[in-house]
Protein chains: 2
Amino acid sequence: MKAEIAVERLAALAQESRLAIFRCLVQEGPDGLCAGDIATRLKLTPATLSFHLKELSRAGLLKSRQEGRFIYYAPDFKAMNALLGYLTENCCGGASCGVGCTPASAEAAR
Amino acid sequence: MKAEIAVERLAALAQESRLAIFRCLVQEGPDGLCAGDIATRLKLTPATLSFHLKELSRAGLLKSRQEGRFIYYAPDFKAMNALLGYLTENCCGGASCGVGCTPASAEAAR
DNA sequence: CTTTTATTTCGACGATTATAAAAATATGAA
DNA sequence: TTCATATTTTTATAATCGTCGAAATAAAAG
């Protein structure tokens, strides 16, 4: 992955509302949620939500599909995984990183 | 890790110059580099570099130590690892994530 | 066709960010 | 002390960002 793309994806996630949206969608799984439900859960106005969904999509972190009047959004796990791989390399890829090459355990992350 | 902190760290890394600084420091290892050397390598003016170093430090991603007139900066691998753990949970923690819970291999990340 | 519902786009606003020249601070050398 | 070097802080400016009301678009229902 190019640094540019990593920056783009990091920037997409580096915002409270957007990280909340992404986490919400990850919890929900591959089927995703329609925009309205996300807006209700996170208490975002439609305009604001749409702005953030576009931002996450532009970064390649979301997939979307239309079903009638509803548009369902779901995480692009592959893209997120590629980002994690990039970060792992850039955190632990150096020969002198003493922490090891696997991300912290779930405990450490909480 | 709280979402707030994750956002702060993601934001710190979500900028071309700062990601380059961090990657440069990771490559260099725990001993770090002094500000001047970073500025030379990445061709940043002292003021701009200082701004970014402060930003990365504020997010807890850098450690620094003074040696004479020089200030050496090095990555805080533990902090970065905690961030990776947080993201891993939020990418693969959902029951329905089909990609598995380890970040992509080094190949996929390139 | 008209109405209702879901979502996006537009327009405006204040807030934050990235940059860098210039001044200030701090440390070591002469 | 005086000078030179390393880094930060200050100040200013242009650009980007997050938010939301209002209008526009799209799709289904009556």
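Reminder, nothing fancy here: chain letters follow the sequence lines and each chain counts from 1. Predicted, not measured: the structure shown is a model, and the values here were computed from it.
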Checking all strands, does B:Y73 fall into the base, sugar-phosphate, or nothing category for heavy-atom contacts under 4.0 angstrom?
->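 Sugar-phosphate, backbone atoms only, no base.
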Within a radius of less than 6.0 Å around CD of B:E4, do more than 12 heavy atoms belonging to other residues, nucleotides or ligands occur?
->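 For B:E4, atom CD is not crowded (no more than 12 foreign heavy atoms under 6.0 Å).
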Straight-line distance of B:M1 CE to B:N81 CG, nearest 0.5 Å |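 The CG atom of B:N81 is 9.5 Å from CE of B:M1, to the nearest 0.5 Å.
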Inter-residue atom distance B:R69.CZ - B:C34.SG, 0.5 Å rounding =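 Answer rounded to 0.5 Å: 11.0 Å.
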[X] [atom1] to [N] [atom2]: how many Å, rounded?
X: A:Q15; N: C:dT16; atom1: CD; atom2: P; value: 12 Å
X: B:E16; N: C:dT19; atom1: CD; atom2: P; value: 8 Å
X: B:I38; N: D:dT8; atom1: CD1; atom2: P; value: 9 Å

Mind listing the residues from residues 63-71 of chain B sitting with a heavy atom below 4.0 Å of DNA chain C? Number order is fine.
->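 Close to the strand are B:Q66, B:G68, B:R69.
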Check DNA chain C against residues 42-61 of chain B and give the residues with a non-hydrogen atom under 4.0 Å, in numerical order.
->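 Contacting residues: B:T45, B:A47, B:T48, B:F51, B:H52.
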Candidate pair A:R41 and A:E28, rule salt bridge (Lys or Arg N to Asp or Glu O under 4.0 Å), full reasoning | CA-CA 12 Å; A:R41 291 202 196 180; A:E28 199 63 24; 3.1 Å; yes
Under 4.5 Å between any side-chain heavy atoms of A:L62 and A:F22, yes or no?
->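 A:L62 vs A:F22: side chains touch.
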So among B:T40, B:L42, B:L44, which one has a side chain to side chain contact (heavy atoms under 4.5 Å, CB included) with B:L49?
->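 Checked B:T40, B:L42, B:L44 against B:L49; only one passes side chain to side chain contact (heavy atoms under 4.5 Å, CB included): B:L44.
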Closest approach of B:L19 to A:A6 (non-hydrogen atoms, all atoms of both residues) =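 Closest approach of B:L19 to A:A6: CD2-CB, 4.3 Å.
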Identify whether the distance between the nearest side-chain nitrogen and carboxylate oxygen of B:E16 and B:R18 falls below 4.0 Å.
->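 No, no charged N to carboxylate O under 4.0 Å.
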